[in-house]
Amino acid sequence: MVEEMKIAVIGGTGLIGSRVVTILTKDGHEAVPHSPSTGLDLLSGQGLAEALTGAEVVVNLTNSPTFDEASPAFFRKTMDNLLSAADAAGVGHAVILSIVGADLVPDLVYYRAKVLQEDILKAGPVPYSIVRATQFFEFMAPTMSWTADESGVRLPATRIQPIAADDVAQAVAEVSTGAPLRGTRNIAGPEVFTLDELGRITLAAQGDQRPVVTDNGAGLFAAVSGDALIAGDGAVIAKTTYREWLAG
Ligand SMILES: NC(=O)c1ccc[n+]([C@@H]2O[C@H](COP(=O)([O-])OP(=O)(O)OC[C@H]3O[C@@H](n4cnc5c(N)ncnc54)[C@H](OP(=O)(O)O)[C@@H]3O)[C@@H](O)[C@H]2O)c1
């Protein structure tokens with residue numbers, strides 16, 4: 001028998017957040033999703049105090065609306081608001097979802113913004129856990145769309161170890177109901193690919209005849225060097241493979 005916990009899931013309508021709410025609810029917890037559409041704006045703080053009243057845990061699965069120079073300000077403001085409200089409400093555990101290797105890609109402002117988000121959490125007053133995941137399978141579609149036209153898709157040969165959103169959500173739910181890690185748990189998918197190779201697998205599965213052209217200057221992931229985004233020793237390795245996910 002699980003002891004029911006009240007858990008506020010901010011960004012609980014998003015890709016990961018909605019899955020986390022489903023898992024926690026199925027496990028017998030009172031998981032409440034919050035987002036602008038439910039009246040909570042983490043940037044202004046509107047609705048935040050009410051959302052955290054009586055919550056034992058807050059899980060922050062919001063995302064910046066853009067991945068550009070505006071993203072550090074988003075993560076700074078939302079984390080400052082979150083931590084002061086969580087502290088005032090006596091919330092005993094704050095959880096965020098960050099990115100494996102974010103600190104190893106200083107040329108990507110969005111990744112710098114995620115490190116800033118982590119640093120604010122670590123320095124704050126609330127016991128915390130950081131889950132760092134690799135790139136989501138679901139993120140391939142937008143990644144390919146940035147550098148695609150009717151003649152093909154350009155992708156760099158960046159090495160990545162992608163993971164299914166369902167597996168990420170499972171890990172976030174597990175961490176959220178445990179004791180604060182006061183540290184970081186890394187989770188990653190079971191296989192390493194180069195991004196261009198992953199693009200070819202994706203297009204083939206969709207019956208899309210366009211070629212993937214290897215272009216080490218194309219798109220966001222061109223800024224990544226070596227194995228920065230590969231989970232090292234100690235990471236939790238999820239089960240779902242990319243081909244299983246595509247087939248599903
Ligand atoms: N993409 C990847 O491969 C990857 C890898 C590792 C970690 N991550 C991290 O995972 C986290 C979740 O990503 P995701 O893909 O699940 O995001 P998502 O689908 O874009 O969902 C974001 C959620 O945040 C909410 N939100 C946005 N602005 C808000 C605000 N001002 N106040 C309150 N809620 C707000 C959204 O609400 P609305 O729907 O109402 O706008 C939505 O519920 C992100 O922090 C990201 O950095 C991503």
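In this text, all values refer to a predicted model and were calculated from it rather than measured experimentally. Each ligand, and each atom within it, is numbered from 1 in the order the structure gives.
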Run through all N or O atoms in ligand 1 and write down each protein N or O closer than 3.5 Å, as a pair with its distance.
residue: ligand 1; atom: 3 (O); partner: F136; partner atom: N; Å: 2.9
residue: ligand 1; atom: 16 (O); partner: L15; partner atom: N; Å: 3.4
residue: ligand 1; atom: 16 (O); partner: I16; partner atom: N; Å: 2.9
residue: ligand 1; atom: 19 (O); partner: L15; partner atom: N; Å: 2.8
residue: ligand 1; atom: 31 (N); partner: D41; partner atom: OD1; Å: 2.9
residue: ligand 1; atom: 32 (N); partner: L42; partner atom: N; Å: 2.8
residue: ligand 1; atom: 39 (O); partner: T13; partner atom: OG1; Å: 3.4
residue: ligand 1; atom: 43 (O); partner: G11; partner atom: O; Å: 3.3
residue: ligand 1; atom: 43 (O); partner: T13; partner atom: N; Å: 3.4
residue: ligand 1; atom: 43 (O); partner: T13; partner atom: OG1; Å: 2.6
residue: ligand 1; atom: 43 (O); partner: G14; partner atom: N; Å: 3.0
residue: ligand 1; atom: 45 (O); partner: T62; partner atom: O; Å: 2.9
residue: ligand 1; atom: 45 (O); partner: K114; partner atom: NZ; Å: 2.7
residue: ligand 1; atom: 47 (O); partner: Y110; partner atom: OH; Å: 2.6
residue: ligand 1; atom: 47 (O); partner: K114; partner atom: NZ; Å: 2.8

Next on the checklist: Running the 4.5 Å side-chain criterion over Ile, Leu, Val, Met, Phe, Trp and Tyr, what cluster does I96 land in, apart from itself?
Outcome noted: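 In the cluster with I96 are I10, L40, L42, L48, L52, V58, M79, L82, L83, V91, L116, I120, L121, V126, Y128, I130.
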
Checklist entry - Members other than V100 in its cluster, when Ile, Leu, Val, Met, Phe, Trp, Tyr link by side-chain heavy atoms under 4.5 Å? => result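 Cluster partners of V100: none, it stands alone.
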
Next on the checklist: Is the ring pair F139/F221 parallel, tilted or perpendicular, if the boundaries are 30 and 60 degrees?
Outcome noted: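 If you compare the ring of F139 with that of F221, the planes turn out perpendicular.
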
Checklist entry - What residue pairs, at least two apart or across chains, pass salt bridge (Lys or Arg N to Asp or Glu O under 4.0 Å) with a residue in residues 123-152? => result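 Sorted result for residues 123-152: D103-R132, E118-R132.
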
Checklist entry - Any donor-acceptor pair under 3.5 Å linking the side chain of K239 with the backbone of P190? => result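 Absent.
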
Item to check | Candidate pair I187 and D167, rule side-chain contact (heavy atoms from CB on, under 4.5 Å), full reasoning | outcome: CA-CA 9 Å; I187 54 166; D167 290 338; over 6 Å; no

